[in-house]
Amino acid sequence: MKEKIKQVLAKRAQIQWFLALGFIALNGVLFFVTPRAAYIPFFVLPLMIISVFFWSRAFCGWACPRAAFLERILSKVSLNKPVPKWMNYYWVSVLVFIILISRVTYVGFTRGLLAAGFLLCLVPTIGALVVGWYSPKSWCAICPTGTLLKTLDRLQIARFKIAKEGKCTSCGACDRVCPMGVEPSKVPLNSGIEQMNCTQCAICTASCPYNSLHLPARLNNQIKQGVAVR
């Protein structure tokens with residue numbers, strides 16, 4: 001089972017490298033080829049919202065190009081400090097969300113949809129680069145899009161959560177590897193990790209020496225079936 005989890009995380013790494021390079025390429029197109037690439041967020045955002053109802057915040061942990069860039073590339077030159085605790089407060093991310101969306105809405109009404117889309121691309125990227133030099137995933141804690149997704153995640157019923165079961169000694173190994181500063185060791189047994197900043201990246205599952213942390217149910221069932229076949 002442990003080996004299967006490592007294979008899943010290796011696949012995640014491959015996906016993220018592809019997305020990280022795509023993120024760089026997309027910004028190159030946006031700034032040096034055509035600003036019309038700024039329309040893309042308006043097509044992607046509805047898909048991200050829909051994904052919450054099936055996979056919780058797995059989009060943020062697995063499929064977000066900006067998050068992939070921060071984790072795979074910017075982390076190479078970052079100080080790699082933990083996400084500051086104040087960034088994990090929900091009201092902080094809501095405040096950032098209100099400020100950005102208010103500005104984007106104003107620009108959209110006064111200068112058009114393309115200008116609004118360009119601002120929606122530019123500001124988060126600059127913000128991610130600025131705070132990412134200190135902690136690569138710190139932007140993910142206050143990302144306006146992530147704020148929308150984690151707010152919806154609190155309302156939806158279908159769960160795609162990391163679960164905590166079996167034996168746990170609270171050794172803290174999972175806490176130390178979580179890129180978002182979530183502390184799985186403090187989650188009660190026989191429950192899912194409900195912290196709003198958990199992006200379902202599943203890195204914590206491979207760190208647990210007692211196999212107390214399990215991948216989200218649907219993915220975990222697929223792995224079990226794969227083990228059974230073998």
Side-chain angles (χ1 to χ4, degrees), residues 12-13 15-28 30-31 37-38 40-41 44-45 48-49 52 56-107 116-154 174-184 193 195-204:
R12 174 181 179 269
I15 293 172
Q16 283 202 310
W17 272 112
F18 174 79
L19 291 170
L21 296 176
F23 176 76
I24 295 174
L26 181 60
N27 278 277
L30 178 64
F31 292 107
I40 293 178
V44 176
L45 186 57
M48 295 168 62
I49 292 175
V52 174
S56 183
R57 286 193 65 194
F59 178 90
C60 298
W62 288 70
C64 176
R66 184 177 291 109
F69 169 79
L70 294 173
E71 185 173 339
R72 297 297 166 184
I73 296 180
L74 189 61
S75 63
K76 305 300 182 184
V77 294
S78 170
L79 295 176
N80 288 303
K81 299 291 186 179
V83 175
K85 289 189 178 299
W86 64 269
M87 284 189 172
N88 283 320
Y89 290 119
Y90 181 55
W91 68 266
V92 174
S93 60
V94 170
L95 181 61
V96 174
F97 175 85
I98 292 174
I99 293 174
L100 178 61
I101 297 303
S102 297
R103 184 59 183 173
V104 168
T105 301
Y106 174 78
V107 170
F118 191 84
L119 186 64
L120 197 57
C121 292
L122 180 64
V123 173
T125 296
I126 293 177
L129 291 173
V130 170
V131 300
W133 291 111
Y134 179 81
S135 172
K137 298 287 283 186
S138 54
W139 176 257
C140 297
I142 59 174
C143 171
T145 304
T147 299
L148 175 61
L149 297 187
K150 65 187 177 186
T151 300
L152 291 173
D153 188 37
R154 294 296 295 270
C174 51
D175 300 343
R176 290 190 289 272
V177 300
C178 178
M180 295 300 297
V182 174
E183 298 178 315
I193 297 178
Q195 278 90 337
M196 297 185 76
N197 282 329
C198 175
T199 60
Q200 309 302 313
C201 67
I203 293 176
C204 60

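None of these values were measured; they are calculated from a predicted model.
Side-chain atoms of S135 come within 3.5 Å of backbone atoms of K81 as a donor-acceptor pair (strictly under, hydrogens ignored). With hydrogens and angles disregarded, no donor-acceptor distance shorter than 3.5 Å links the side chain of R72 to the backbone of L19. For the pair S56 (side chain) and V52 (backbone), a donor-acceptor distance under 3.5 Å is absent. Between the side chain of S93 and the backbone N or O of Y90, at least one donor-acceptor pair lies under 3.5 Å.
Between D153 and M196, every side-chain heavy-atom pair lies at or beyond the 4.5 Å cut-off. Two residues are said to be in side-chain contact when any heavy atoms from C-beta on lie closer than 4.5 Å; L129 and W139 fail this criterion. Using a 4.5 Å heavy-atom threshold, the side chains of F69 and L74 count as touching. I73 is listed as a side-chain neighbour of W17, based on a closest heavy-atom distance under 4.5 Å. For the pair P179/I203, a side-chain contact is recorded, criterion being any heavy-atom separation below 4.5 Å from C-beta on. Within the 4.5 Å cutoff, side-chain heavy atoms of T105 are placed close to those of I101. Residues L45 and L120 are not in side-chain contact: their nearest non-hydrogen atoms beyond the backbone lie 4.5 Å or more apart. A 4.5 Å side-chain heavy-atom check between Q200 and I193 finds every atom pair outside the cut-off.
For the pair G132 and S78, the tightest heavy-atom approach, listed with the atom from each and the gap, is O-OG, 2.9 Å. When all heavy atoms of A141 and M180 are compared, the closest pair comes out as N-CE, 3.6 Å. Closest of all the heavy-atom pairs between P124 and L100 is CG-CD2, 4.0 Å. Residues C60 and A67 approach most closely at O-CB, 3.7 Å, considering heavy atoms. Across all non-hydrogen atoms, the minimal contact from M48 to L149 is O-CD2, 3.6 Å. Across every non-hydrogen atom of V92 and W86, the tightest pair is CG2-O, 3.3 Å.
Remark: R57 CZ to L152 CG distance equals 11.0 Å, nearest 0.5 Å. Here the CD1-CG distance, from I49 to L148, works out to 5.0 Å after rounding to the nearest 0.5 Å. Within the model, atoms CZ of F31 and CG of L26 stand 9.5 Å from one another, a figure rounded to the nearest 0.5 Å. Rounded to the nearest 0.5 angstrom, N88 CG and S138 OG are separated by 10.0 Å.
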Let's go through V123 and R103 carefully: what are the C-alpha distance in whole Å and the side-chain angles of both, what is the deciding distance for side chain to side chain contact (heavy atoms under 4.5 Å, CB included) to 0.1 Å, and is it a yes or a no? CA-CA 10 Å; V123 173; R103 184 59 183 173; over 6 Å; no

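Residues that satisfy the ring-ring contact (aromatic ring centres under 6.0 Å, His included) test with F97, not counting sequence neighbours, are absent from this structure.
Listed by first and then second residue, the salt bridge (charged side-chain N to carboxylate O under 4.0 Å, His left out) pairs that reach into residues 129-151 are E71-K137, sequence neighbours excluded.
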